[in-house]
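Structure record follows, encoded as structure tokens.
Naming convention: chains lettered A, B, ... in sequence-line order (proteins, then strands); numbering from 1 in each chain. These numbers were taken from a predicted model, which means no experiment stands behind them.
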Protein chains: 2
Amino acid sequence: MIADASQMPDFTPRQNEVLEQALRLLVEGGDKALTTSGLARAANCSKESLYKWFGDRDGLLAAMIAHQASKVRTFERGKERLTAESLHDHLELFARDLLEVLSGDVSLALNRLAIGQSSRDGSKLGKLLVEHGRRQIDRRAMALIDSGKRAGLLRFDDADGAYHTLYGLIVSDLHVRMLLGEPGLKDNARQAEKAVAAFLTLHGTRQESGETLRFSSGR
Amino acid sequence: MIADASQMPDFTPRQNEVLEQALRLLVEGGDKALTTSGLARAANCSKESLYKWFGDRDGLLAAMIAHQASKVRTFERGKERLTAESLHDHLELFARDLLEVLSGDVSLALNRLAIGQSSRDGSKLGKLLVEHGRRQIDRRAMALIDSGKRAGLLRFDDADGAYHTLYGLIVSDLHVRMLLGEPGLKDNARQAEKAVAAFLTLHGTRQESGETLRFSSGR
DNA sequence: CCAAGTAGGTACCGTACGGTACGGTTCGTG
DNA sequence: CACGAACCGTACCGTACGGTACCTACTTGG
């Protein structure tokens with residue numbers, strides 16, 4: 001065995017295949033559709049194997065989260081020189097990616113699952129989800145706005161606060177509404193533009209033109 | 001019987017008592033703890049009465065939402081003359097109230113319930129929750145920022161967009177995190193201040209001092 | 001004082017789940 | 001070839017839920 005495989009889940013291909021089916025079931029039918037019998041049937045495996053591999057239903061859920069997270073590797077952005085324009089573009093790209101991720105089928109289903117469980121398992125799944133799913137995107141955004149500050153393009157005292165401001169401007173109540181079953185935005189890109197413009201108005205060092213303050217047309 | 005009781009749920013005191021117990025069970029143990037047998041035991045009533053009153057488990061859940069919503073009547077704010085200071089204060093009050101409501105036990109439990117059900121009932125509960133719970137607070141905020149605009153204290157093209165900006169600045173990802181089981185903010189008032197300051201920087205007509213741009217210390 | 005409606009208590013039914021056990025089959029390995 | 005491990009399919013068990021039926025006790029109104 002290799003000494004250091006990080007905290008890689010390290011599932012076998014067969015297990016990954018089963019986890020993929022599990023995600024499919026979850027997305028299609030929600031919590032109730034993800035039964036051990038149903039999964040065994042859908043994935044052409046035996047329940048005994050499920051319990052051998054994942055130990056428990058909760059273990060299966062945790063494995064699903066880990067599996068999904070392992071697919072969404074965040075690509076480290078090169079440390080290129082930041083200009084006002086490239087910062088703006090990177091922020092918009094981040095915003096679009098964030099909206100894209102949050103409105104994804106699997107993300108919504110997993111969040112619903114974790115939220116549903118949070119009342120009875122002491123939010124173990126919720127912690128897992130935040131750890132695996134959010135830390136990556138948090139890191140990316142923090143690195144970006146930090147670079148912006150070092151390049152003299154952004155100004156703020158508290159990076160964490162600034163990031164949460166950015167997040168709020170991008171997402172607003174959209175995530176919860178989607179979790180409750182409402183459809184997503186018609187135009188993610190438009191929302192991303194507006195959010196980044198507002199963020200730069202608040203924290204940018206360059207005077208943004210009044211154009212950025214004009215918000216028009218809605219969801 | 002009185003002719004017009006609006007769309008008041010109009011439950012008997014006994015039924016309200018039972019619904020109160022149902023909410024308590026839901027808050028304490030989540031979805032799984034709210035069983036018909038458990039509720040009948042906790043509320044000292046019979047399962048048969050439950051089904052006679054609410055028809056169905058889903059009917060019970062809907063009744064719980066209606067019951068809870070009927071408790072949180074939003075008080076219509078008087079149409080007093082708005083100054084920059086009073087607008088600021090009203091916005092901060094709104095922000096604090098919003099954070100207060102969202103972090104309430106019952107609100108979180110009901111949102112978790114609706115989110116958990118949203119995959120299987122076509123988001124019927126979710127719609128109900130948004131209708132009953134959110135419309136009130138939305139109305140209040142829209143009326144407020146609309147007054148602000150008419151008084152020349154705020155500027156924006158799209159009131160809905162401006163409101164969502166305000167909402168995002170206040171709540172950010174806090175709601176989802178709390179739904180996932182994380183504790184709330186230490187200091188709601190501080191968050192409310194920061195959000196309102198940022199909102200006024202974006203949409204206020206008066207030049208806010210640089211002080212309002214300085215974000216310090218975090219969650 | 002009694003009839004009728006209302007509500008509580010309990011037993012029951014069908015179902016479906018999580019979890020386990022067992023026999024048969026494939027596959028890698030010495 | 002033979003052995004054992006892994007795995008599949010299925011049958012099974014205990015439990016707990018939603019929902020129903022039945023019976024009793026209390027109130028209410030004439």
Side-chain angles (χ1 to χ4, degrees), chain A residues 1 9-26 28-65 67 109 112-114 116-117 119-122 124-125, chain B residues 1 9-26 28-65 67 109 112-114 116-117 119-122 124-125:
Chain A
M1 63 182 66
D10 223 15
F11 295 124
T12 69
R14 178 72 181 119
Q15 287 165 356
N16 282 324
E17 190 181 323
V18 171
L19 290 174
E20 206 60 34
Q21 287 296 319
L23 285 177
R24 192 178 61 80
L25 285 181
L26 183 67
E28 288 178 359
D31 183 15
K32 302 296 282 188
L34 185 62
T35 68
T36 52
S37 314
L39 176 57
R41 205 178 317 120
N44 283 329
C45 75
S46 75
K47 289 172 66 172
E48 195 168 10
S49 300
L50 292 180
Y51 285 103
K52 180 189 284 279
W53 292 334
F54 309 112
D56 201 345
R57 187 173 192 265
D58 288 354
L60 172 66
L61 303 183
M64 288 168 62
I65 291 180
H67 170 67
R112 289 199 185 103
L113 180 68
Q117 298 273 342
S119 4
R120 42 181 177 274
D121 70 347
K124 204 166 59 65
L125 275 189
Chain B
M1 64 182 66
D10 221 16
F11 295 124
T12 71
R14 178 71 182 120
Q15 287 166 356
N16 282 324
E17 190 181 322
V18 170
L19 290 174
E20 206 59 36
Q21 287 297 318
L23 285 177
R24 193 178 60 79
L25 286 180
L26 183 67
E28 287 179 0
D31 184 17
K32 302 296 281 191
L34 184 63
T35 70
T36 52
S37 314
L39 176 57
R41 205 178 317 118
N44 282 329
C45 75
S46 76
K47 290 172 64 173
E48 195 166 8
S49 300
L50 292 181
Y51 285 103
K52 179 188 285 278
W53 292 333
F54 310 111
D56 201 346
R57 188 173 193 266
D58 288 355
L60 172 67
L61 303 182
M64 289 168 63
I65 290 179
H67 171 67
R112 288 199 186 101
L113 180 67
Q117 299 273 342
S119 4
R120 44 182 177 274
D121 70 349
K124 204 166 57 67
L125 274 187

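- To the nearest angstrom, P of dG18(D) lies 11 Å from CD of Q117(B).
- Distance check, rounded to the nearest 0.5 Å: CG of L26(B) to OG of S119(A) gives 7.5 Å.
- Checked against side-chain hydrogen bond (donor to acceptor under 3.5 Å, both in side chains), S49(A) has the following partners two or more places apart in sequence or in another chain: S46(A).
- No side-chain heavy atom of T12(A) sits under 4.5 Å from any side-chain heavy atom of W53(A).
- Distance check, rounded to the nearest 0.5 Å: CD1 of I65(B) to CG of L113(B) gives 6.5 Å.
- Counting only heavy atoms from C-beta outward, the side chains of L34(B) and L61(B) approach each other to under 4.5 Å.
- For residues 31-45 of chain B, the salt bridge (charged side-chain N to carboxylate O under 4.0 Å, His left out) pairs, not counting sequence neighbours, are D31(B)-R57(B).
- In this structure, E17(A) places its CD atom 12 Å from P of dC7(D), rounding to the nearest Å.
- Whole-Å rounding puts the L39(A) CG to dT10(D) P distance at 15 Å.
- Distance, L60(A) CG to dG18(C) P: 10 Å, rounded to whole Å.
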Show me the protein contacts with nucleotides 25-29 of chain D, counting only N or O atoms at under 3.5 Å.
none

Could you run down nucleotides 3-17 of chain C 5' to 3' and tag each one B, S or - for protein heavy-atom contact under 4.0 Å? ----SBB-------S
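- Between the CZ atom of F11(A) and the C1' atom of dA6(D) there is a distance of 18 Å, rounded to whole Å.
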Side-chain donor-acceptor pairs under 3.5 Å in residues 16-24 of chain B, sequence neighbours left out?
{"residue": "N16(B)", "atom": "OD1", "partner": "H67(B)", "partner atom": "ND1", "Å": "3.2"}
{"residue": "E17(B)", "atom": "OE2", "partner": "R14(B)", "partner atom": "NH1", "Å": "3.2"}
{"residue": "E20(B)", "atom": "OE1", "partner": "H67(B)", "partner atom": "NE2", "Å": "2.6"}
{"residue": "E20(B)", "atom": "OE2", "partner": "K71(B)", "partner atom": "NZ", "Å": "3.1"}
{"residue": "Q21(B)", "atom": "OE1", "partner": "R24(B)", "partner atom": "NE", "Å": "3.1"}
{"residue": "Q21(B)", "atom": "OE1", "partner": "R24(B)", "partner atom": "NH2", "Å": "2.9"}
{"residue": "R24(B)", "atom": "NH1", "partner": "E28(B)", "partner atom": "OE1", "Å": "3.4"}
{"residue": "R24(B)", "atom": "NH1", "partner": "E28(B)", "partner atom": "OE2", "Å": "3.1"}

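- Under the side-chain hydrogen bond (donor to acceptor under 3.5 Å, both in side chains) criterion, E48(A) pairs with no residue at all, not counting sequence neighbours.
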